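Keep in mind it's a predicted model, so treat the numbers as computed, not measured. Within every chain, numbering begins at 1; the chains are lettered A, B, ... in the order of the sequence lines, protein sequences first and strands thereafter.
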Amino acid sequence: MSITPWQLGNVPGPKTALKLTGEVAGKLLKKAKNPLIIVGAEALKVKVGEKLLLDYVIEIAEVAKIPIVATSSTLSAFLERGVEPALSMGAIEITDRLRDPEWSLDGSKPHDIVVYVGITYQLQSQLLSCLKNFAPQIRTLSLDRYYHPNATWSFQNLSEKDWIENLNILMKTLKEEKKKD
Amino acid sequence: MSITPWQLGNVPGPKTALKLTGEVAGKLLKKAKNPLIIVGAEALKVKVGEKLLLDYVIEIAEVAKIPIVATSSTLSAFLERGVEPALSMGAIEITDRLRDPEWSLDGSKPHDIVVYVGITYQLQSQLLSCLKNFAPQIRTLSLDRYYHPNATWSFQNLSEKDWIENLNILMKTLKEEKKKD
Amino acid sequence: MVEKGPIKFSVKSLKGSGISLEDIEIAIGRLAMEEEWEPMGPTPMPKITTLREWDMKLLKRYRPFYMPFCDLCCLCTYGKCDLTAGKRGACGLDIGAQQGRIVLIACAIGASTHTSHARHLVDHLIEKYGENWPIDLGSDIYVEMPISRLITGIKPKTLGDLSYILKYVEEQIVQTLAAAHTGQEGSYLDFESKSLHLGMLDHLAMEVADVAQIITYNFPKGKPDAPLTEVGMGLADTTKPVILCIGHNVSSGVEIIDFMKKNGLGRPGETIEVLGLCCTAHDLTRYDEQAKIVGPISHQIRFIRSGAADVLILDEQCIHIMVLSEAQRVKTPVIATSDKACHGLPDMTNKPVEEIVDALVSGKYPGVLILDLEKAGAVAVLTALRIAPIRKKFKSLPDKADLKKVAEKCTKCGRCRRNCPIDLPTDEAVFAARQGNFDKLAELYDYCLGCARCESECPRDIPIHSLIVSAAELKIKTERYKIRVGRGPILDTEIREVGSPIVFGEIPGVVAYVGCANYPEGGRDVAIMAEEFLRRRFIVTVSGCSAMSIAMYRTEEGKTLYEEYSGAFDAGGLVNVGSCVANAHIAGAAIKIANIFARRPLRANYEEIADYVLNRVGACGVAWGAMSQKAASIATGFNRLGVPVIVGPQGAKYRRLYLGRREDRESFTVYDARTGDRVWVGPAPEHLVYVAETREEAIVMTAKLCLRPNDTTKGRMIKLTHYVELYKKYYRRLPDDLHMFIRTEADIPITFKGEIMEYLKEVGWEPWEKPVVDPTLLERLIRVKK
Amino acid sequence: MVEKGPIKFSVKSLKGSGISLEDIEIAIGRLAMEEEWEPMGPTPMPKITTLREWDMKLLKRYRPFYMPFCDLCCLCTYGKCDLTAGKRGACGLDIGAQQGRIVLIACAIGASTHTSHARHLVDHLIEKYGENWPIDLGSDIYVEMPISRLITGIKPKTLGDLSYILKYVEEQIVQTLAAAHTGQEGSYLDFESKSLHLGMLDHLAMEVADVAQIITYNFPKGKPDAPLTEVGMGLADTTKPVILCIGHNVSSGVEIIDFMKKNGLGRPGETIEVLGLCCTAHDLTRYDEQAKIVGPISHQIRFIRSGAADVLILDEQCIHIMVLSEAQRVKTPVIATSDKACHGLPDMTNKPVEEIVDALVSGKYPGVLILDLEKAGAVAVLTALRIAPIRKKFKSLPDKADLKKVAEKCTKCGRCRRNCPIDLPTDEAVFAARQGNFDKLAELYDYCLGCARCESECPRDIPIHSLIVSAAELKIKTERYKIRVGRGPILDTEIREVGSPIVFGEIPGVVAYVGCANYPEGGRDVAIMAEEFLRRRFIVTVSGCSAMSIAMYRTEEGKTLYEEYSGAFDAGGLVNVGSCVANAHIAGAAIKIANIFARRPLRANYEEIADYVLNRVGACGVAWGAMSQKAASIATGFNRLGVPVIVGPQGAKYRRLYLGRREDRESFTVYDARTGDRVWVGPAPEHLVYVAETREEAIVMTAKLCLRPNDTTKGRMIKLTHYVELYKKYYRRLPDDLHMFIRTEADIPITFKGEIMEYLKEVGWEPWEKPVVDPTLLERLIRVKK
Ligand code: SF4
Ligand code: SF4
Ligand code: SF4
Ligand code: SF4
Ligand code: SF4
Ligand code: SF4
Ligand code: SF4
Ligand code: SF4
């Protein structure tokens with residue numbers, strides 16, 4: 001059987017996300033020229049094992065040296081942890097900027113890979129749809145536990161265990177590849 | 001990659017056809033309690049190797065002892081071949097009857113499996129959609145070369161060669177199983 | 001700009017005001033509508049539910065048959081809801097009601113489109129001609145607006161009255177569309193009843209639109225011998241400046257022709273070519289037959305790419321969204337003239353003509369919006385004159401010599417084909433061209449809808465549609481056919497002549513080929529169908545793109561059907577009524593048969609007239625290439641009036657049909673109005689909207705759907721002769737429902753007597769107890785109650 | 001039934017008729033609309049393109065941001081077309097324009113719904129009260145219909161005038177919807193301009209609807225101290241017969257109450273309970289505060305299942321499609337009363353009352369359609385009286401004791417959750433119940449939308465929604481809160497008081513919590529938001545389901561917000577305007593500020609007023625649970641008027657936002673009307689429609705969207721104080737766009753002075769050259785041209 005969207009009715013059309021694995025995600029992020037991670041408010045509620053998703057994402061971002069955009073009030077959680085996100089902005093607002101093929105965080109080269117994580121499913125789905133349709137130059141990744149057809153790559157719907165495993169592999173891949181450098 | 005509808009835009013929703021193979025088709029038809037084959041006008045244009053699709057379907061129907069409904073003016077082609085279809089009726093009209101859970105060709109038990117073959121793609125797709133949504137008790141098979149998401153089972157989009165191969169296996173399976181009886 | 005107030009006028013409010021009613025009547029005039037030309041019928045200006053009972057009668061016999069095009073609903077933010085196989089959305093709706101709702105929305109969009117078209121025309125014409133401009137369709141037409149009289153109870157006398165009728169339509173459309181809101185209507189039957197209501201309103205709006213333009217622009221007023229004009233890609237004299245009008249609302253085109261005349265530039269074709277595409281083309285030739293018709297909607301992109309047009313003027317409807325960018329590629333300036341289709345263009349309405357012309361000629365703006373039609377006409381003409389010598393008919397079609405090179409990029413990925421609305425084997429054709437064989441491409445020319453979707457899908461950016469057109473170069477150059485100018489309404493005198501033979505079945509049927517060009521296998525099929533029935537001396541009426549497609553075909557004698565058959569509404573006549581809005585005259589003819597021939601009261605008497613048409617008028621519509629929301633509402637309007645419609649296989653995507661079941665005797669049981677008895681009359685007509693899989697099936701079904709319970713013996717015999725002949729021609733045996741239509745031996749076609757008798761014996765047929773009845777679905781029409 | 005003809009009346013046509021104009025004016029009255037109460041402004045009864053330039057100004061700053069909910073188009077039979085990432089459909093449309101088109105269709109449905117609601121009300125009330133019934137909102141309201149005056153240029157005086165205004169709306173909706181037809185509009189910007197037009201029309205229709213009912217039914221006419229009434233599942237006295245009204249159109253409910261009074265049955269609650277659900281509930285209590293409110297739309301299915309209602313009377317809108325079958329399960333008869341929502345029921349309009357009551361009480365028909373409201377009222381009451389003793393409040397909710405057993409079938413397949421519109425973890429909750437733990441189920445009660453979609457998806461047929469409700473039994477029994485009755489419009493006197501502090505920023509903002517209950521995490525969030533701003537002495541206005549949700553929350557003092565805060569339109573006031581159509585009064589208040597306080601001409605002067613509101617009136621709408629097409633058109637109507645709106649995360653499925661970009665200085669550059677200079681004024685307001693991810697984000701954004709270029713120093717300081725406080729509360733630092741709002745040091749909130757000064761230094765802030773300007777987007781308002 002093919003992968004089904006997490007929200008079963010969320011069938012957007014012919015173009016749907018490729019299946020992501022931890023390893024693929026790791027490699028993609030490693031190869032990305034100017035990646036970005038957008039972290040939503042669910043990251044404050046969802047756990048990856050004992051850790052908050054937010055903390056897990058911070059680790060990923062640090063290992064892979066990817067700048068973070070904190071949406072909504074996640075900013076405060078970052079600041080509490082002494083992490084200064086590259087930008088604090090509404091999920092809608094950052095996605096709006098990304099539509100613009102010229103735009104990037106530091107004004108240098110445009111972002112080629114954008115990771116979404118921790119934004120409530122249906123909003124994230126719509127944001128990914130925006131970029132899929134209006135910013136085809138960007139490849140999007142969803143690291144949430146639920147399949148997002150509108151991303152370029154998404155985990156399929158995973159059990160918590162499988163999800164954590166994939167995230168761990170992602171982390172491992174990032175570190176490994178790092179060593180190889 | 002998952003199977004794509006032949007007409008790429010023809011994405012109907014969460015429920016899409018299971019992938020059919022010649023073997024599965026053979027087994028399904030063999031097990032069916034009251035199957036039916038509906039043959040459309042494309043069967044007069046499309047070739048299965050040297051044979052007309054129509055002739056091929058006649059063979060299937062004969063081997064599997066399945067009554068035929070001839071749609072549109074295919075009737076004449078059947079009569080030319082000395083084959084008397086069980087019914088001659090518009091593709092729409094027969095599908096309309098099939099919506100009715102009580103209805104069957106001979107008034108005995110309702111049809112459980114209905115095969116569509118040789119109706120122009122988009123019309124067949126819509127007919128299959130009708131039964132999918134309004135006659136969930138019926139399982140539909142498409143034997144055409146193109147993936148029909150609205151069927152219960154459909155071949156995926158096949159090359160001519162693969163399609164013929166599958167049809168041949170279908171035929172073989174029908175005959176084999178027959179022997180086993 | 002501000003309309004002065006419609007006044008809900010009550011006699012009461014006048015009493016004691018010191019003004020006598022008579023004075024007011026004279027002074028104000030609209031009261032003339034209330035004149036007693038006939039006693040008021042039961043249903044003036046019906047509301048949503050007024051005719052619900054009639055609808056339910058129809059829907060009981062002709063059950064809605066749904067083929068969902070999507071199993072989801074995405075209409076509100078509760079969704080997407082998966083409704084597959086009876087699941088309920090968050091609002092509680094199920095898949096059946098959802099189909100009904102989507103059809104309702106389509107019909108509302110369709111009806112709104114014609115209504116707004118009519119509104120634009122009427123307001124514009126009132127401005128030009130005054131609201132007291134009389135409705136005069138000539139001495140041969142007394143019942144000038146049968147649909148209006150039937151539905152509203154008004155006998156409209158002036159342009160101003162038409163505006164009033166539109167207010168009613170607008171009010172009703174808005175109310176009906178509201179039923180589509182989340183959490184309103186819940187029953188699929190009620191959704192259907194509302195769609196039928198919208199379809200009826202659509203016909204009313206179409207009648208208003210067409211009559212408004214006929215009376216003011218002096219279009220043919222039902223002229224059976226309207227002149228012939230030309231249609232085809234090959235007819236423009238490109239040595240002259242060429243103006244191309246695209247759309248449906250002829251008023252901007254009229255301004256072009258008027259400006260030319262006023263400024264000594266002669267009639268169309270004399271110094272400037274004035275061409276039309278889509279329905280506006282029909283209406284241009286109705287205004288001046290020296291205007292020419294490029295063709296149906298499929299010719300839009302290809303004609304622009306040919307570069308022949310020096311100016312493009314858009315009005316509304318059926319405009320390919322790419323026209324602007326396509327026109328830019330060939331340096332043709334574009335003038336948009338409708339507030340419904342502004343295409344993002346700068347609004348230059350208030351700028352002086354010269355400034356706009358300069359901007360267009362210099363290329364400062366590739367296109368402009370001009371909402372003042374007179375100004376738009378002037379700008380179009382002046383721009384054409386100035387730009388023609390500069391443009392040099394720049395084209396964006398590849399030369400035939402380059403085809404191979406362009407095709408070489410093709411990887412045969414198949415995406416073009418798999419996105420072509422009609423699944424044309426473009427991949428194979430392009431690939432063959434890669435190998436130097438252009439025949440396959442050229443072959444596609446006659447089938448291709450000209451939509452260019454293939455091109456936007458091609459990963460190698462191959463201009464597939466252009467390849468097809470270039471490969472068919474020769475065909476195009478010689479594409480030049482004759483078509484009869486749209487004649488408008490049917491004359492009362494004609495109705496008097498043919499009423500009886502139609503009702504009694506001696507003219508075997510009235511077949512209408514109407515609508516768009518989304519043909520499964522080319523326009524030729526429509527012509528062949530029309531020819532079949534013309535030869536059989538049915539009355540064939542046509543309109544819109546279908547009327548054009550029929551022209552683009554030559555009979556064995558090398559003539560077009562328009563040249564071979566007369567334009568009279570009579571047996572063997574080929575009646576081009578005109579543009580899409582002229583479809584109203586086809587419905588109008590059916591109504592007039594009931595009224596003029598059968599003397600049924602017309603005024604606000606919808607049910608009785610529809611009942612009459614359903615049971616007695618052997619008419620059948622065929623919308624072989626139906627594509628749009630307008631086509632959906634037109635068909636649905638015919639249905640409410642009791643006229644069945646056949647659509648092509650693509651029509652299955654409309655999602656809903658109305659199907660009868662011949663074996664369900666009860667559903668085809670009617671009252672005999674003479675006795676009140678319930679009598680089975682056979683499945684006639686069997687369906688109300690039907691999808692035919694092939695042309696052959698459509699032909700046979702058309703003949704069958706012309707059967708009516710009321711046929712006389714002779715009439716039935718004639719109709720059955722055609723049905724049996726056609727059935728045998730395409731199916732090679734006798735129809736297996738024949739016994740359901742033979743009431744007594746006298747009904748049996750003589751030519752097949754033996755064969756049929758044998759068949760009847762086989763199926764155990766017995767002569768009917770009550771062979772001929774006075775059939776009605778309306779209890780209240782029973783004359784002698786038992 | 002037939003409306004007498006609106007008469008396009010021209011003075012010319014009267015001349016020489018022997019009637020003097022004066023006579024006619026007196027006799028007919030509608031001419032009163034033309035009275036010169038103010039010189040006519042530039043845009044009376046604007047057409048589609050009249051305000052296009054204004055729209056384009058807005059759309060240049062607030063760019064449409066599209067999030068396709070579907071990459072396909074299925075609107076015509078050319079399709080489905082794959083439009084992903086810029087591919088073109090067969091009609092040439094691309095994904096951007098398609099989103100614009102879908103939004104246009106949604107807005108057309110929304111606007112049609114209110115218009116048809118208004119039309120039904122007005123026609124009904126004219127029948128009851130006569131068309132000369134005066135529009136009188138009391139001595140404190142002189143500008144009685146600001147939206148009508150602004151848009152149409154008419155100062156309506158009677159019910160009849162309202163009918164005339166609706167005709168304009170109907171005409172415009174139809175024309176605008178026509179642009180959605182295949183092959184019409186092609187530019188996404190023009191689609192948006194048309195949606196803005198529809199939104200504007202929607203507000204006009206809402207104003208007509210609400211004023212019509214206020215003046216005839218004697219609803220509170222802007223009473224700041226409207227009485228308190230009750231809301232909640234637990235308030236019905238089920239020992240009495242209970243009638244439940246569902247929908248939006250109160251006229252059937254009024255007939256119930258009137259019938260009771262006339263027949264000695266007392267006021268609601270005395271012998272019979274009269275309850276309302278959805279907006280009709282608001283309007284019932286506006287008619288008689290002894291009626292009670294069950295709750296928002298989420299309570300519909302659950303209350304029916306509780307079995308408390310003995311009769312269900314439906315009008316229109318927000319009716320769950322399952323009500324009929326749900327009511328049948330608990331043996332509650334249903335009376336449908338709207339032609340827009342017939343639900344397949346037999347039309348008994350013409351049957352005698354007794355016969356209908358018999359049929360309902362006996363169960364012969366589970367439901368009927370009665371289009372005569374007076375009759376429907378009588379039937380409802382008589383049926384309730386007779387059936388109540390028989391029905392015995394039969395319920396279809398499982399007893400708490402059975403929960404475990406019912407839950408045992410669950411396989412934890414997850415389908416329920418994966419089809420829940422808000423992704424509630426129902427699977428886990430049901431599975432926990434299987435193990436005897438009902439807390440998780442009970443917890444869901446506050447979040448559940450009550451849509452029952454989960455149930456229709458469950459392969460084990462578990463009544464999940466019922467389980468949730470039964471598990472929350474205790475909560476429900478005690479669900480009983482106070483709400484202030486909808487007060488209707490804002491008084492002119494109030495406007496005079498608060499106009500200056502609002503415009504100059506001393507009242508930091510007007511926040512409107514409106515619309516439906518599709519909340520991401522329960523209605524409590526709306527109450528918490530409202531409380532935050534009430535404490536900060538913003539003016540908080542509320543309506544519809546939001547007004548109910550806000551009631552269902554107690555502050556730390558154990559009171560509802562309605563009990564704690566006054567109902568005055570003043571700082572710290574909580575103003576329940578009423579039902580959805582009463583939203584018009586919120587827009588009306590903004591308009592009245594421009595007109596009454598700032599003396600801007602009102603009549604047909606849309607652009608100037610909208611420009612004023614955008615630049616000066618610190619108002620912001622929050623439709624946290626927006627779900628429907630109506631909500632889409634209401635929000636869009638606010639947008640055209642210059643009022644920003646925030647929706648909840650589900651609102652992303654509306655597909656389109658209007659977003660500003662603060663870094664785009666040019667887009668936030670305006671004219672200084674005093675000098676004509678182009679001046680940057682900072683991103684205020686930053687967005688026009690915005691989706692907030694969380695309640696916290698919505699709160700902070702709300703405070704920010706109340707900023708306006710025209711704020712005085714004091715005002716800006718106060719507004720920034722709230723913005724900074726809230727930002728710090730939720731984001732834990734200073735906002736990083738703060739420097740864009742501080743024009744001079746005097747703008748800096750005193751409490752944060754040091755901190756902010758430091759920040760400003762860091763970012764290199766400099767005081768603005770022109771700190772305060774007279775900001776406008778309209779060139780023509782520049783007073784001194786350079
Ligand atoms: S109904 Fe049409 S737009 Fe909606 S989900 Fe289905 S294909 Fe997409
Ligand atoms: S309208 Fe109904 S079925 Fe459609 S998305 Fe909304 S809730 Fe679902
Ligand atoms: S889409 Fe383009 S490359 Fe693919 S088969 Fe068609 S023409 Fe060739
Ligand atoms: S332009 Fe012709 S070939 Fe191309 S998709 Fe359209 S119909 Fe098919
Ligand atoms: S309206 Fe346009 S995009 Fe939509 S299905 Fe029709 S052709 Fe395709
Ligand atoms: S759908 Fe039914 S069986 Fe599946 S998890 Fe939900 S309650 Fe359990
Ligand atoms: S009833 Fe409640 S739990 Fe069930 S799908 Fe609707 S919102 Fe979700
Ligand atoms: S607020 Fe929304 S859901 Fe509630 S009654 Fe009004 S329209 Fe319906």
For chain D, the option from [options] that forms the most heavy-atom pairs under 4.5 Å:
options: C:Ala632, C:Gly86, C:Ala108, C:Gly186; value: C:Gly186
options: C:Asp82, C:Thr115, C:Asn419, C:Leu324; value: C:Asp82
options: C:Cys342, C:Ser116, C:Cys81; value: C:Cys342
options: C:Cys91, C:Gly651, C:Pro421, C:Ala179; value: C:Cys91
options: C:Arg453, C:Met56, C:Lys653, C:Arg88; value: C:Arg453

For [X], which atoms come within 4.5 Å of any heavy atom of chain C: side chain, backbone, both, or neither?
X: D:Ala452; value: neither
X: D:Arg418; value: neither
X: D:Leu166; value: neither
X: D:Leu371; value: side chain

For chain C, find which of [options] contributes the most heavy-atom pairs closer than 4.5 angstrom.
options: D:Gln184, D:Met322, D:Arg52; result: D:Gln184
options: D:Leu189, D:Thr77, D:Thr349; result: D:Thr77
options: D:His120, D:Glu316, D:His114, D:Lys630; result: D:Lys630
options: D:Gln175, D:Glu326, D:His181; result: D:His181
options: D:Val169, D:Val647, D:Thr182, D:Val174; result: D:Val174
options: D:Arg655, D:Glu455, D:Glu457; result: D:Glu457

Name the region of [X], side chain, backbone, both or neither, that has any atom closer than 4.5 Å to a heavy atom of chain D.
X: C:Cys516; answer: neither
X: C:Ala111; answer: neither
X: C:Ala106; answer: neither
X: C:Leu75; answer: both
X: C:Leu72; answer: neither
X: C:Asp94; answer: neither

I'd like to check [X] versus [Y] (side-chain heavy atoms, cut-off strictly below 4.5 Å). Are they in contact?
X: D:Ile173; Y: C:Ile173; result: no
X: C:Ile109; Y: D:Ile105; result: yes
X: D:Gln629; Y: D:Thr113; result: no

Rounded to the nearest 0.5 Å, how far does [atom2] of [Y] lie from [atom1] of [X]?
X: C:Gln300; Y: C:Cys318; atom1: CD; atom2: SG; value: 8.0 Å
X: C:Ile246; Y: C:Gln317; atom1: CD1; atom2: CD; value: 13.5 Å
X: C:Leu201; Y: C:Ile48; atom1: CG; atom2: CD1; value: 9.5 Å
X: D:His248; Y: D:Ile319; atom1: NE2; atom2: CD1; value: 9.0 Å
X: D:Cys70; Y: D:Ile102; atom1: SG; atom2: CD1; value: 8.5 Å

### Message
Assess the residue pair D:Asp315 and D:His117 against the criterion (side-chain contact (heavy atoms from CB on, under 4.5 Å)); give the C-alpha distance rounded to whole Å, side-chain angles, the decisive distance to 0.1 Å, and a yes or no.
### Response
CA-CA 10 Å; D:Asp315 52 83; D:His117 174 181; over 6 Å; no
All heavy atoms of C:Leu93 vs all of C:Leu83, minimum pair found to be O-CD2, 3.6 Å
Should we say atom OH of C:Tyr188 is surrounded by more than 12 heavy atoms from elsewhere, each under 6.0 Å from it?
-> no
Sorted by chain and number, sequence neighbours left out, side-chain hydrogen bond (donor to acceptor under 3.5 Å, both in side chains) with D:Ser112 holds for none
With sequence neighbours left out, the residues meeting side-chain hydrogen bond (donor to acceptor under 3.5 Å, both in side chains) with C:Lys194 are C:Glu185
